[in-house]
Amino acid sequence: AQGNLALGPPGKFALIALKLDGTPEKIALRQLELKQPQGSLGASGEIVLQPQIDWKLDVKADRFDPGALAAQWPGSLSFALSTSGKMDKDGPRGTLRLDKLTGTLRKRQLGGDGEIAFAPPLSVDGALNLSSGNSHVTLRGKGGTQTDASINLAIASLGDWLPQAG
């Protein structure tokens, strides 16, 4: 299946192109592209539905404005994100990599990067760093058979993370 559409408020339309192939067992996302006057967001990958859920997805943003789709979240985001994994009987197992998150969201500077591997029941290996305004969140884990993870929260203002908080 493939198609194109325009979505968003007047003057801030995002042109969306979608191309995917699939069967009851697997979906191949060949193209999901949102083009805006000043930026873009693209995604591609594959999701296996049967016999076991499995995924591999890549997303890249270049000055993408999420406010065109969600009015409370205006900004300009650039990043590359990739994830792959599968659903085990005990939960998800996979990896997530975030490269060079930069830009603004709700007039706050954003930043982030990191790579983590995760596995059930609560194993995390690697580090993920996120910042919004003057607030920072860091997740670090050492993997292994026991949970050995820490989360460092340095929240200057809840408004750095939630629109309704100010």
Side-chain angles (χ1 to χ4, degrees), residues 7-9 11-14 16 29 31-47 53-166:
L7 182 67
K12 286 191 168 187
F13 283 116
I16 302 171
L29 179 59
Q31 174 191 31
L32 173 59
E33 182 109 19
L34 287 84
K35 291 189 178 185
Q36 301 171 318
Q38 303 299 317
S40 64
L41 176 78
S44 63
E46 184 173 273
I47 302 169
I53 294 177
D54 183 303
W55 70 90
K56 181 178 184 333
L57 297 169
D58 296 302
V59 181
K60 185 171 183 178
D62 181 25
R63 298 184 321 258
F64 172 68
D65 178 8
L69 304 174
Q72 289 187 318
W73 298 93
S76 176
L77 305 177
S78 296
F79 63 86
L81 180 124
S82 60
T83 181
S84 63
K86 63 183 178 177
M87 284 298 288
D88 286 343
K89 65 179 175 98
D90 295 327
R93 172 184 310 274
T95 62
L96 180 128
R97 179 182 179 124
L98 176 62
D99 287 321
K100 299 178 186 168
L101 170 61
T102 61
T104 60
L105 188 62
R106 298 182 306 101
K107 299 181 181 177
R108 289 166 169 82
Q109 286 295 123
L110 282 187
D113 62 9
E115 184 169 5
I116 59 170
F118 51 91
L122 293 171
S123 177
V124 175
D125 188 23
L128 183 62
N129 305 294
L130 299 172
S131 65
S132 175
N134 292 316
S135 298
H136 305 273
V137 175
T138 302
L139 168 65
R140 292 190 191 288
K142 293 183 182 175
T145 57
Q146 291 184 311
T147 301
D148 186 1
S150 65
I151 299 175
N152 181 21
L153 301 172
I155 307 298
S157 165
L158 286 178
D160 286 341
W161 303 100
L162 303 169
Q164 32 312 41

Report all side-chain donor-acceptor pairs from residues 85-92 shorter than 3.5 Å, counting only partners two or more places apart or in another chain.
residue : atom : partner : partner atom : Å
D88     : OD2  : R93     : NE           : 2.5
D88     : OD2  : R93     : NH2          : 3.0

Hey, can you pull the donor-acceptor pairs under 3.5 Å for the side chains in residues 149-156, sequence neighbours left out?
none

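Within the 4.5 Å cutoff, the side chain of D99 has heavy atoms near those of the R97 side chain. Within the 4.5 Å cutoff, the side chain of L77 has heavy atoms near those of the P66 side chain. In this structure the side chain of F79 reaches within 4.5 angstrom of the side chain of L41, judged on heavy atoms. Side-chain contact between L32 and I16 is present, with at least one heavy-atom pair separated by less than 4.5 Å. Residues R140 and N129 have side chains in contact (heavy-atom distance under 4.5 Å, counting atoms from C-beta outward). At a threshold of 4.5 Å between non-hydrogen side-chain atoms, the residues L69 and F64 count as touching.
For the residue pair T104/S76, the side-chain donor-acceptor check at 3.5 Å is not satisfied.
Judged by distance alone, with hydrogens and angles left aside, the side-chain atoms of Q36 form a donor-acceptor pair with the main-chain N or O of D65 at under 3.5 Å. Remark: side-chain polar atoms of R108 are not paired, donor with acceptor, to backbone N or O of S135 under 3.5 angstrom. A donor-acceptor pair under 3.5 Å links the side-chain atoms of R63 to the main chain of Q38, judged by distance alone. In this structure a side-chain-to-backbone donor-acceptor pair under 3.5 Å is missing from S78 to T102. Judged by distance alone, with hydrogens and angles left aside, the side-chain atoms of S131 form a donor-acceptor pair with the main-chain N or O of G111 at under 3.5 Å.
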*List the steps, then state whether side-chain contact (heavy atoms from CB on, under 4.5 Å) holds for W73 with R106.*
CA-CA 6 Å; W73 298 93; R106 298 182 306 101; 3.5 Å; yes
*Report the C-alpha separation of D58 and K56 in whole Å, then their side-chain angles, then the decisive distance to 0.1 Å, and conclude whether the salt bridge (charged side-chain N to carboxylate O under 4.0 Å, His left out) test is met.*
CA-CA 7 Å; D58 296 302; K56 181 178 184 333; 3.3 Å; yes
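With rounding to the nearest 0.5 Å, the separation of CG in L96 from OG in S84 is 9.0 Å. To the nearest 0.5 angstrom, E115 atom CD is 7.0 Å from S82 atom OG. Rounding to the nearest 0.5 Å places CG of L162 at 10.0 Å from CD of Q72.
Residue I116 forms a side chain to side chain contact (heavy atoms under 4.5 Å, CB included) with just one option from L98, D125, L139, T83, and that option is L139.
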